[in-house]
Number of protein chains: 2
Amino acid sequence: MTYEQAQLDALGDGTRRAILDHLLAGPMPVGKLAADFPISRPAISQHLKILKDANLVTDRVDGTRRVYQINSAGFEFLRDYFDRFWSHALDAFKNKVEEQ
Amino acid sequence: MTYEQAQLDALGDGTRRAILDHLLAGPMPVGKLAADFPISRPAISQHLKILKDANLVTDRVDGTRRVYQINSAGFEFLRDYFDRFWSHALDAFKNKVEEQ
DNA sequence: ACTTACGGTAAGTAATGACTTACGAACAAG
DNA sequence: CTTGTTCGTAAGTCATTACTTACCGTAAGT
């Protein structure tokens, strides 16, 4: 599976998007994050694993805590993918349509 | 639900992304599209409905056929959303991190 | 060492969503 | 008006995935 696919799959869930939203406020340990959601901490952990595998967040150890933060590079990668692939493909598509 | 959310949900499925890929070759009726996939035609129709609701494709009637095509505007909307929202939020996030 | 805090993982359940078959509507052709 | 073609939708099934509870490992404090 390519990176973009994993990233789009990861973003295809409302809870994970909400987690990312929360992380925009700054790096946060799992417990603090989970406190803002109606679901259990392990559920948050599982979402974080998916986001991490998709390269959208990174984590660092801080004592017994594990602090997660947005990975800007991952988002830039996805945006570049959008710019490169889709813009070009869409331009080609537009031309094709206008020819007719 | 906002547009971006519906769009990200729609893109969060590999089959739908593959459908969009195929449509990049040009507008296509449902049957022709379904022939390229291992799943049934109704399944394709259901995916197309989701893509249409997300404003990622449009359809037009052609006799008994229904021709679907990529909706560039929808993709531009999503890309702009990415540019506006995420770039700004990510910049703010970067600054916040660098302050520490 | 013992205890408390924190979080990952395993295993099972529940809910969501992708799929199938069956059907009916709309149009074209004879 | 009948027949064939194309496609959407309804209803039900199956698979996926989001979630819970239970448990274990690790680190910090006493």
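The sequence lines fix the lettering, A, B, ..., with proteins before strands; numbering per chain opens at 1.
- Applying the salt bridge (Lys or Arg N to Asp or Glu O under 4.0 Å) test to pairs two or more places apart or on separate chains, those with a residue in residues 5-16 of chain A are D9(A)-R17(B).
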Distances for protein N/O vs nucleotides 21-25 of chain C N/O pairs under 3.5 angstrom?
none

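- For residues 50-59 of chain B, the pairs satisfying side chain to side chain donor-acceptor pair (under 3.5 Å) are K52(B)-D59(B), N55(B)-N71(B), D59(B)-R66(B), with sequence neighbours left out.
- Across the protein-nucleic acid pair, I39(A) atom CD1 and dT16(C) atom C1' stand 15 Å apart, rounded to whole Å.
- Other members of a hydrophobic cluster containing I50(A) are absent, since no ILVMFWY side chain comes under 4.5 Å of it, directly or through relayed contacts.
- Under the side chain to side chain donor-acceptor pair (under 3.5 Å) criterion, K49(B) pairs with no residue, sequence neighbours left out.
- Residue R65(B) places none of its side-chain N or O atoms closer than 4.0 Å to OP1 or OP2 of dA26(C).
- Across all strands shown, dT30(D) forms a Watson-Crick or G-U wobble pair, both distances under 3.5 Å, with dA1(C).
- Following rounding to the nearest Å, L33(A) (CG) and dG7(C) (C1') show an atom-to-atom distance of 12 Å.
- Summarising the geometry, the separation between CG on L11(B) and P on dG17(C) is reported as 15 Å, rounded to the nearest angstrom.
- Among residue pairs with one or both ends in residues 2-21 of chain A, those qualifying as ring-ring contact (aromatic ring centres under 6.0 Å, His included) are Y3(A)-F77(A); sequence neighbours excluded.
- One can place CG of L48(A) at 16 Å from P of dC6(C), the figure rounded to the nearest angstrom.
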Would you tabulate the pairs of protein nitrogen or oxygen atoms and nucleotide nitrogen or oxygen atoms of nucleotides 28-30 of chain C closer than 3.5 angstrom?
none

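- As a whole-Å value, the separation of I44(A) CD1 from dC19(D) P is 8 Å.
- With sequence neighbours excluded, the residues forming a side chain to side chain donor-acceptor pair (under 3.5 Å) with E4(A) are T2(A), listed by chain and number.
- Residues F37(A) and L23(A) share a hydrophobic cluster, clusters being chains of Ile/Leu/Val/Met/Phe/Trp/Tyr side chains in contact below 4.5 Å.
- Residue H47(A) has a polar side-chain atom (N or O) positioned under 4.0 Å from OP1 or OP2 of dC19(D).
- What separates CZ of R60(A) from P of dA27(D) is a distance of 17 Å, to the nearest Å.
- How far CD1 of I70(A) is from CG of D21(A): 8.0 Å, rounded to the nearest 0.5 Å.
- Annotation: side chain to side chain donor-acceptor pair (under 3.5 Å) contacts involving residues 26-44 of chain A, sequence neighbours excluded, comprise H22(A)-D36(A).
- Annotation: of the two residues near DNA chain D, V30(B) and D62(A), the 5′-most nearest-nucleotide partner is V30(B).
- Distance, K49(B) NZ to dG8(D) C1': 9 Å, rounded to whole Å.
- When the side-chain nitrogen and oxygen atoms of R66(B) are compared with OP1 and OP2 of dC7(D), none of them lie within a distance under 4.0 Å.
- Residue contacts for Y68(B): at a heavy-atom cut-off of 4.0 Å it reaches the sugar-phosphate backbone alone, with no base atom in range.
- Here dT17(D) presents its C1' atom at 15 Å from CG of D53(A), a figure rounded to the nearest Å.
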